[in-house]
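In what follows, a single structure is set out as structure tokens and then discussed.
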Amino acid sequence: MKVSMPAGAMHGWGIAGSYLEREISKLPGIEGVTLHCMTNTLAPLRPENWDSINIGYCFFEDSIEILNFTRNAASKWDFIVAGSKWCEYQLRIGGVKNTCTILQGIDPANFHPVPYPADDRFVVFSGGKFELRKGQDLVIAAMKVMMQRHRDVFLSCSWTNQWPFSLATMKSSPYITYQHDEENFLDLPGRCVLDNGLDPARVAVHPLVNNTLMREIFAGSHVGLFPNRCEGGNNMVMCEYMACGRSVIASDTSGHADVINSDIAYPLTRYRPMVVATQGVQTGVWEEPQVEEIIELLELAYRNRGELPAKGALAAREMEKLSWSAAARQFHYVATRLANQAELSRMQQDAC
């Protein structure tokens, strides 16, 4: 079984591809089967690696636009694996029958419980590339209020976005001031924080680092904040954060719904339907959390910070269920079943 995916340690697909290739290589080989990364049109990222049997792995957030591609994909792919139950549901609406969900894993060697900071600050971590979908504008708006109320509240953020077109979606936010810059875009998140009045002495804007170093950043915080409007997967950064023994305030919709519950997190519950459009064409419907509820849950965590370690310990144990080796075994099972079906079909044709 081959893996046709990007590799690397600085972005989601690269991390997933590297781990899946490593773990699948440990399992018995299956000739003629390739696991592919899929594009946002449900095509293979590397069509030159098309094989006898092809399994696609997909994540998407544009629930309307994707319907333009599902029927064609269903006819071409032997099997399509979704990165969340939400994505699987959208695929099935679009006519894809050979599909299931396999969640992204975490690496317990890199992400495991770490002690809380020893000082008296209250540090909130926010991660993910800076864009409208991931909701960092909501983080800025809520944290501005919290930092004005409490002098011991700090923000730690890892928001590097290497794609200017994605950064530009923040121009649509009604909650923050955003000045786009196509040239010096890597430091845009940090500039945006300052432009919106957050105290620079109480904000740490982290540069892009290797995934294996993220635990050190997580260790300096008390609770995570992930008010994402939509997630096609279970949110690798959020799950890695929880694996380090931290609880989160997070939306419990789309891909987050596969991992967020009230035992390990502070789920957001109040949303506004948000129709997303590109150049005037509607592409999806997201669910936008309310800033007021984000502030309420930040206050709850702030005033009850003594319960965070116990809640974080539960989160870490829950994340132990997610591993790249388990994901690899699930993909291998799908591949084995498809290969057996193909062999049986060949035997029946030979018999005729």
Side-chain angles (χ1 to χ4, degrees), residues 12 84 86 103-106 108 110-117 121-130 133-143 146 153-159 204 206 214-271 287-291 293-322:
S84 67
W86 181 84
L103 302 184
Q104 297 177 101
I106 60 100
N110 292 328
F111 301 102
H112 49 78
V114 291
Y116 279 72
R121 299 177 304 154
F122 184 76
V123 184
V124 178
F125 173 79
S126 173
K129 64 182 184 290
F130 193 77
R133 178 177 64 82
K134 287 191 175 288
Q136 288 94 345
D137 56 324
L138 304 174
V139 172
I140 291 172
M143 287 301 293
M146 286 295 292
V153 171
F154 289 68
L155 174 63
S156 169
C157 48
S158 179
W159 290 345
H206 303 286
M214 286 301 297
R215 185 181 74 244
E216 298 175 18
I217 295 174
F218 298 161
S221 63
H222 297 82
V223 70
L225 180 54
F226 294 87
N228 303 40
R229 292 177 170 92
C230 189
E231 276 294 326
N234 50 299
N235 194 334
M236 189 188 302
V237 175
M238 183 179 73
C239 290
E240 290 171 344
Y241 183 80
M242 288 194 289
C244 290
R246 299 296 191 271
S247 184
V248 297
I249 297 164
S251 50
D252 65 352
T253 60
S254 57
H256 280 190
D258 292 325
V259 292
I260 291 298
N261 62 69
S262 59
D263 291 331
I264 64 173
Y266 299 88
L268 294 161
T269 61
R270 303 202 295 269
Y271 301 92
E287 294 182 85
E288 180 176 271
Q290 296 185 11
V291 173
E293 188 183 23
I294 297 172
I295 296 170
E296 289 171 13
L297 292 183
L298 281 167
E299 281 284 359
L300 179 64
Y302 175 82
R303 298 184 182 282
N304 298 277
R305 67 183 76 178
E307 72 178 28
L308 289 175
K311 211 171 183 72
L314 287 175
R317 286 200 290 273
E318 191 74 13
M319 293 304 104
E320 289 176 0
K321 299 175 183 177
L322 299 177

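Given the structure is predicted, the values throughout are model-derived calculations rather than measurements. Excluded from the calculations below are hydrogen atoms, water molecules and symmetry mates; all remaining heavy atoms, backbone and side chain alike, are included.
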Should M143 and I294 count as side-chain neighbours, where that means a heavy-atom distance under 4.5 Å?
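A side-chain contact is absent here, since even the closest heavy-atom pair is not under 4.5 Å.
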Is there a side-chain contact between S158 and M214, using heavy atoms and a 4.5 Å cut-off?
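The answer is yes; the side chains approach within 4.5 Å.
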Grab the two heavy atoms, one from [X] and one from [Y], that are nearest each other, plus how far apart they are.
X    : Y    : answer
R121 : R305 : O-NH1, 4.0 Å
L308 : A301 : CD1-O, 4.2 Å
S84  : G232 : OG-O, 2.8 Å
R246 : P117 : NH2-CD, 4.2 Å
A243 : A316 : O-CB, 3.7 Å
C239 : N234 : SG-O, 3.3 Å

State the [atom1]-[atom2] distance between [X] and [Y], to the nearest 0.5 angstrom.
X    : Y    : atom1 : atom2 : result
I140 : F130 : CD1   : CZ    : 4.0 Å
L297 : I249 : CG    : CD1   : 5.5 Å
R133 : R229 : CZ    : CZ    : 11.0 Å
H206 : I217 : NE2   : CD1   : 5.0 Å
K321 : I106 : NZ    : CD1   : 13.0 Å
F154 : S221 : CZ    : OG    : 13.5 Å

Donor-acceptor pair, side chain of [X] and main chain of [Y], under 3.5 angstrom:
X    : Y    : result
S254 : E231 : yes
Y302 : V153 : no
E240 : N110 : no
S247 : I264 : yes

For [X], check side-chain hydrogen bond (donor to acceptor under 3.5 Å, both in side chains) against everything at least two apart and list the hits.
X    : value
H222 : none
Y271 : D252
S126 : W159

What residues, two or more places apart in sequence or in another chain, satisfy side chain to side chain contact (heavy atoms under 4.5 Å, CB included) together with E296?
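With sequence neighbours excluded, E296 shows a side chain to side chain contact (heavy atoms under 4.5 Å, CB included) to R270, E293, given in chain and number order.
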Qualifying residues under side chain to side chain contact (heavy atoms under 4.5 Å, CB included), relative to A250, sequence neighbours excluded
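Residues passing side chain to side chain contact (heavy atoms under 4.5 Å, CB included) with A250: F226, M238, V248, H256, I260.
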What do the steps show when you test Q290 against L268 for side chain to side chain contact (heavy atoms under 4.5 Å, CB included), and what is the final call?
CA-CA 8 Å; Q290 296 185 11; L268 294 161; over 6 Å; no
Report the relative orientation of the aromatic rings in F111 and F218; use parallel for angles under 30°, tilted for 30 to 60°, perpendicular for over 60°.
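Tilted, since the angle between the ring planes falls between 30° and 60°.
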Pairwise side chain to side chain donor-acceptor pair (under 3.5 Å) hits with a residue in residues 259-268, at least two apart:
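Checked against side chain to side chain donor-acceptor pair (under 3.5 Å) - neighbours excluded - the pairs reaching residues 259-268 are Y266-E307.
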Stepwise side chain to side chain contact (heavy atoms under 4.5 Å, CB included) test for W86 and C230:
CA-CA 10 Å; W86 181 84; C230 189; 3.7 Å; yes
Side chain to side chain contact (heavy atoms under 4.5 Å, CB included) between R215 and H112: does it pass, once the steps are laid out?
CA-CA 8 Å; R215 185 181 74 244; H112 49 78; 3.8 Å; yes
With side chain to side chain contact (heavy atoms under 4.5 Å, CB included) as the test, would you mind laying out the steps for V139 and C157 before giving the verdict?
CA-CA 10 Å; V139 172; C157 48; over 6 Å; no
